[in-house]
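Just so it is clear: chains get the letters A, B, ... in the order the sequence lines come, proteins before strands, and each one is counted from 1.
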Amino acid sequence: MSLRVSIVGASGYVGGELLRLLLDHPHVSIIQATSARNAGRYLYQVHPNLRGRTNLQFVHPDTLQPCDVLFLALPHGEAAQAIERYASLAERIIDCSADFRLRDPAVYQQWYGSAHPAPAWLERFVYGLPEVNRAALTGARYASGVGCNATATNLALLPLVEANLIDRSRPIIADVKVGSSEGGATVNEASHHPERSGAVRSFAPVGHRHLAEVEQVTGLRNVHLSITAIELVRGALATVHAFASRELSEKELWQAYRTFAREQPFIRIVKERQGIYRYPEPKILAGTNYADIGFAYEPATGRIVSICAIDNLMKGAAGSAVQCMNLMCGFAETTALTFAGLHP
Amino acid sequence: MSLRVSIVGASGYVGGELLRLLLDHPHVSIIQATSARNAGRYLYQVHPNLRGRTNLQFVHPDTLQPCDVLFLALPHGEAAQAIERYASLAERIIDCSADFRLRDPAVYQQWYGSAHPAPAWLERFVYGLPEVNRAALTGARYASGVGCNATATNLALLPLVEANLIDRSRPIIADVKVGSSEGGATVNEASHHPERSGAVRSFAPVGHRHLAEVEQVTGLRNVHLSITAIELVRGALATVHAFASRELSEKELWQAYRTFAREQPFIRIVKERQGIYRYPEPKILAGTNYADIGFAYEPATGRIVSICAIDNLMKGAAGSAVQCMNLMCGFAETTALTFAGLHP
Amino acid sequence: MSLRVSIVGASGYVGGELLRLLLDHPHVSIIQATSARNAGRYLYQVHPNLRGRTNLQFVHPDTLQPCDVLFLALPHGEAAQAIERYASLAERIIDCSADFRLRDPAVYQQWYGSAHPAPAWLERFVYGLPEVNRAALTGARYASGVGCNATATNLALLPLVEANLIDRSRPIIADVKVGSSEGGATVNEASHHPERSGAVRSFAPVGHRHLAEVEQVTGLRNVHLSITAIELVRGALATVHAFASRELSEKELWQAYRTFAREQPFIRIVKERQGIYRYPEPKILAGTNYADIGFAYEPATGRIVSICAIDNLMKGAAGSAVQCMNLMCGFAETTALTFAGLHP
Amino acid sequence: MSLRVSIVGASGYVGGELLRLLLDHPHVSIIQATSARNAGRYLYQVHPNLRGRTNLQFVHPDTLQPCDVLFLALPHGEAAQAIERYASLAERIIDCSADFRLRDPAVYQQWYGSAHPAPAWLERFVYGLPEVNRAALTGARYASGVGCNATATNLALLPLVEANLIDRSRPIIADVKVGSSEGGATVNEASHHPERSGAVRSFAPVGHRHLAEVEQVTGLRNVHLSITAIELVRGALATVHAFASRELSEKELWQAYRTFAREQPFIRIVKERQGIYRYPEPKILAGTNYADIGFAYEPATGRIVSICAIDNLMKGAAGSAVQCMNLMCGFAETTALTFAGLHP
Amino acid sequence: MQAECPECGATIALPAGTMANEIVACPDCGAELEVVNLDPPTLALAPEVEEDWGE
Amino acid sequence: MQAECPECGATIALPAGTMANEIVACPDCGAELEVVNLDPPTLALAPEVEEDWGE
Ligand SMILES: NC(=O)c1ccc[n+]([C@@H]2O[C@H](COP(=O)([O-])OP(=O)(O)OC[C@H]3O[C@@H](n4cnc5c(N)ncnc54)[C@H](OP(=O)(O)O)[C@@H]3O)[C@@H](O)[C@H]2O)c1
Ligand SMILES: NC(=O)c1ccc[n+]([C@@H]2O[C@H](COP(=O)([O-])OP(=O)(O)OC[C@H]3O[C@@H](n4cnc5c(N)ncnc54)[C@H](OP(=O)(O)O)[C@@H]3O)[C@@H](O)[C@H]2O)c1
Ligand SMILES: NC(=O)c1ccc[n+]([C@@H]2O[C@H](COP(=O)([O-])OP(=O)(O)OC[C@H]3O[C@@H](n4cnc5c(N)ncnc54)[C@H](OP(=O)(O)O)[C@@H]3O)[C@@H](O)[C@H]2O)c1
Ligand SMILES: NC(=O)c1ccc[n+]([C@@H]2O[C@H](COP(=O)([O-])OP(=O)(O)OC[C@H]3O[C@@H](n4cnc5c(N)ncnc54)[C@H](OP(=O)(O)O)[C@@H]3O)[C@@H](O)[C@H]2O)c1
Ligand SMILES: [Zn+2]
Ligand SMILES: [Zn+2]
């Protein structure tokens, strides 16, 4: 017997990715996919990769009906605004936006500039990164999504944090390179192809909101985040520069990464001595739910460069969301998430 | 019970794609994957997408052992040279090269400039395009692969040929745009990134060998082929210009394409009146086995522009090869070929 | 003494290219550059390459003042609508739009679907392709611009037309590959980077309006045009397939191309037997005013593939426009157009 | 009267760029351009942008003749090995390699792993960055080139260093994003288009040799350098994270950057509050000699993100080299370096 | 007539005839500035709509 | 038979019949390792040519 699942915001990029994954999920059936602008159109007219996969049509979000699991993939603020309505329609909710990621309403207010519209709901949502919250997600009713840049940064930092290898008195710099799909499906001047193509755009040298998530997840207070948009559609690479708290050997670092990756079906350590793919590389992760992590260490200075690559729409959004659903509903964690990625 | 499968030329791009597909195939087990240059290395050191999927190591082709199904993904000429040896090792062979595609040794000699090294084998091989040869492939022992540019051109032409809508007295121009993976994994001056990047390279304005395959498959004698290499890694788009043999309505053309696509699990008709994806588009086919076909018609001149998009490594090579294997071995035709492709 | 020049539509891509060229032109001074949306902003806030080159600010088009030479770089229809006003302000006008390219109002109506708003002005404008109209442009008061795809196609065809080598009873197919800057600076769904990136989009398989210009310039009536948008910002490559009217030698073709290119400062013949750049390649033309032409010939079938590469914003628009101005005003024809282009 | 100039290593990317610039230089004539592999070929067969500009042919380096100014654009180590020979042939030498950049032979040995082959020559060479060495370069006989990544990093740091705004007790992280032309014209596995395309490759997370140049030029000892290769042919962007030595206002930072940029013809400050191009962007610098610099400041943490964009082949190599020649020979500093760059 | 940009400190030349409440753009930092006083010439940041960069 | 990778500490399973001086690759870090001893099984880094990454 299948769970009945609906997706609000299904015409967007995260919504589209949810559709792709859930259409192949053996234990769920998509019953509604909403888009105000595309109501009545076939899903494949917006997401051409779904042609031949489904004859479902978009419905207007106002016509949303009760279902077992509801995915929200809406612009910032929309989910929090309407959470009571959504909760009245579905037993379980996974919200891909930033609305329910932060535990502390004060932190929300600091970063988003206004009070949270539904602060009581913050504690009901489990932060949706299975790599750190697997137990809490198992059987949970409400899960938030994750920030893509935050996730790349967090997964680069966590092996070091958990092994307590970072000198917290020195700054940690997370320099993240990202693709254009991070901005979503809505067109704007900055995303016009002749301008965006070939760009190396210092999109957020300071002040990026995902830092709040990094601080919440890692417990660190000296992380500094910068985002550069590069020529890429899917993918994010976090290059995180930290300093070792003591003299280290490469083996100790390997040990820390192995400990973190153990039992994590979507974490792979990438650190090769030869070949072209020596460190995590987002280009081979497009469409997969992997987070590849690796590191370089400079004994003379104590600098550790920890590197994490993800597909922002997968491990950084829809993939993690489906992984959450699997945990929440008692399905095998990797169900519908096994695409291996392409080379070349 | 699983069939034991081996891949010769597994470090190449077609070989890598075969590995990716077959590792997820429920009815086969890969027992050997050869590479002379990489013998002893793990598959994922060459094909980084396979990390975490297999711990298999490349073996030298000289150590090839008997198996149930053998895939050959070698440079031109190598399969024909050693076919007796390969046939002694495996019950069934699928050869992705051009060596056994042409039925007529004379045609081979005309296009390849020398006599075929094993002409007796030509008739034993079934041309490996399931869309035209499904019956012959079912249960067959030997199948050739297909040419990628030939396949894009053939699948654009066949709906019109089968419905007998083309004026054969007027030239048919197939202008094919292709990505860089068509050249395989071997580095050369022309594939150096600073030179190849952003190129619109008139790679083969005349004289491309795939024309022989087009003539064999379509029966046409007035096709003219040109290949332009563009900024793309995977993908081929054939823009085929033909002239109608009589006055046509759009409906008649729709009918012809529908007739051709019927019962073909990997053929989709793409012809939309609005949206961004109105015609077949290779970018959304990366990793999939689909061939998307569509057309535009100009009543005033009778010109039909028939368009076919494929992933050259999939429907144009490894995907069709696995589809052939499925038919040869009695598996469901779409097994291991169901990846939907990505958007964006 | 400098001519006083103004540019209407200076915030667009053609307008920006005119600015770049004219700022370095020794015989003109830019006095006004218009943009309604950017009035008051510095030119370099829209065209960042002009930073440090000029402190000029955009002015609203309503404030346009008299000048010696006026360039119009407006969306389709705007120039024709207001031509009387523009002509009252400037002695000489170069209009980059399609409004005054066609000589025959009936042809205009056929392609643009409505009567020309200022038909009397059609004969006052000289078609602005110096390669065919040098004499008429010398000293002229009004010049139209050229269509970019038309120009690539025309320059591929003219050597053959002038040498009378084409069989006019057989169809001529012009398959043109183009970059995203052809669409101008205005953002739209189709130009959103995640969608446009890596696309091989059959933009206009039939029905492209530039055919009218091709027919007017070449006198041919059997040309069929298709446009495919590829991953590229600047550049157009026309691959034109025609059939020889009689048996030809390569030397005769060389002779035809040489005859056409003689005395043309911006036409180069590209046809090499080795190396990476054997045929015209738009990627090395970005920013230059060259049109590179070349050909391949297939004796067995009589097919001639004539190839022309241009930068759509230069030889296909602003470059030709400045070349026209040079002729109209008696400056050396190549003034301000000598940038050589980049490799790699 | 023209100076006679020769270029050794003219088939490479830096050599090609020197050719492009010097062919348009009004005070010099190129008399020889060497390439062993291409001896006898026309320059434009390797550098297709030079077609129509020169009929010069490559000569073998062994046939090098005396000249006034000699440019060396050779792989690492070659210039130092043969410096006596080169010095016997030319009054003035500009060497684009790293061979004569470091003043201290001990530092050279530390970074390059072997003793310098011609240590006595180190002090004869002036480090070729006009922005810091203008006086010493004026009239000099020997100039070294600059490292491209070093130059982007140095020009990001120098405004802060000269104004003494950096806290030297905290680490400075220089995270540099680079294009594929940095690797030169020689093909290798890592530069194969299907692999390099779309890559976000952690090329040198630690241990990059250009750090030695950064330390020499800035006097800093706490800089940490990482290089990531991205999808780009030309261009480098340095994102440099440093911490302020005291509380700062944005105006003080503006003041520091203005002081540094003053009288520097190729330094522009880019820091806009709106529009698409708010910070330095390498894509608009292709072919220009500009170094664009800008910054973001975070008062709460004291972090300054200083950003510098260059074209690695221009300001990062050939452009600076020609600028050096202009200073060495008494020409106006900007001669032949005035190309404005393209948008879009 | 010269005034200082309150954002970046650039010296901005105000053309003769500049009037109070006029908006000028800073050539260095691009700030839109309002002429809030003419004697002495004084500029203040004009209210701006924060544009979305879109990522 | 198991041995430890001297580079990254991975536990490497050596197939039965592994001989001294044989070269094996570490599945984790890709190091090429030489079997320098069989009792106890001991691995050492094999001499490697430093490959050029090419930038
Ligand atoms: N893109 C990423 O990489 C990424 C990564 C992690 C998290 N996220 C988060 O995921 C969410 C979705 O991102 P996206 O990139 O998919 O955005 P998107 O492409 O812009 O899609 C937004 C979707 O929301 C719908 N929508 C807008 N307003 C709505 C409303 N008031 N009620 C119902 N539906 C509404 C839109 O539908 P219409 O067709 O009706 O306009 C569209 O389907 C965001 O919160 C984002 O922060 C994104
Ligand atoms: N690329 C495409 O789009 C495409 C499409 C359709 C058909 N095909 C056909 O598929 C075949 C493979 O193409 P590809 O692009 O994958 O080529 P590729 O990337 O160059 O790979 C060639 C493979 O063959 C191996 N090999 C070379 N010589 C060999 C020999 N004598 N014995 C055994 N193995 C040998 C190589 O192994 P080492 O590691 O030992 O060098 C490598 O694994 C070609 O015939 C091609 O025409 C390709
Ligand atoms: N792009 C090409 O490759 C190419 C090649 C050949 C010919 N052309 C032709 O050149 C013309 C311009 O093309 P483009 O690509 O530069 O277009 P674009 O980037 O869209 O620019 C259009 C310009 O026109 C201005 N404008 C719009 N409506 C106006 C009006 N009613 N009055 C005054 N100004 C107005 C806009 O200014 P605001 O800032 O006020 O909106 C903008 O500066 C078109 O006719 C096109 O067909 C283009
Ligand atoms: N690429 C950059 O962004 C960049 C930036 C700053 C500095 N640099 C430095 O500039 C130098 C050249 O770099 P590149 O990128 O132009 O390299 P490249 O493209 O590989 O070119 C090297 C050139 O050197 C020639 N050559 C090789 N060995 C030689 C020898 N023994 N004697 C004479 N000529 C020889 C080659 O000629 P053949 O045709 O005979 O092989 C070729 O012309 C390097 O030292 C590099 O570090 C490069
Ligand atoms: Zn300012
Ligand atoms: Zn290891």
Engineer: Rounded to the nearest 0.5 Å, what separation is found between the CD1 atom of C/I276 and the CD atom of B/E189?
Structural biologist: 5.5 Å

Engineer: What part of B/T228 is in contact with chain C, defined as an atom under 4.5 angstrom from a non-hydrogen atom: side chain, backbone, both or neither?
Structural biologist: side chain

Engineer: Do B/I173 and C/R303 have side chains that get closer than 4.5 Å, going by heavy atoms?
Structural biologist: yes

Engineer: Run through C/L237, C/I307, C/T239 and flag the one making a side chain to side chain contact (heavy atoms under 4.5 Å, CB included) with B/V200.
Structural biologist: C/L237

Engineer: Would you say C/K283's side chain and B/E195's backbone share a donor-acceptor pair under 3.5 angstrom?
Structural biologist: yes

Engineer: Between CZ of C/R170 and CG of B/N222, what distance do you get to the nearest 0.5 Å?
Structural biologist: 9.0 Å

Engineer: Considering only heavy atoms, which portion of B/H224 lies under 4.5 Å from any heavy atom of chain C: side chain, backbone, both, or neither?
Structural biologist: both

Engineer: Taking atom CZ of C/R201 and atom OH of B/Y277, what is their separation to the nearest 0.5 Å?
Structural biologist: 6.5 Å

Engineer: So what's closer than 4.5 Å to chain C heavy atoms on B/V206: side chain, backbone, both or neither?
Structural biologist: both

Engineer: If you count every heavy atom of other residues, nucleotides or ligands that lies below 6.0 Å from C/F203 atom CZ, does the total exceed 12?
Structural biologist: no

Engineer: Heavy-atom cut-off 4.5 Å, strictly under: side chain, backbone, both or neither for B/R278 against chain C?
Structural biologist: neither

Engineer: Return the option, out of B/V233, B/I230, B/I284, with the maximum number of heavy-atom pairs under 4.5 Å with chain C.
Structural biologist: B/I230

Engineer: Below 4.5 Å, heavy-atom pairs only: which of B/E231, B/R196, B/H192, B/H241 has the largest tally toward chain C?
Structural biologist: B/H241

Engineer: Please classify the contact between B/Y297 and chain C as side chain, backbone, both or neither, with a heavy-atom cut-off of under 4.5 Å.
Structural biologist: backbone

Engineer: Report which part of B/H343 has an atom under 4.5 Å of a heavy atom belonging to chain C: side chain, backbone, both, or neither.
Structural biologist: side chain

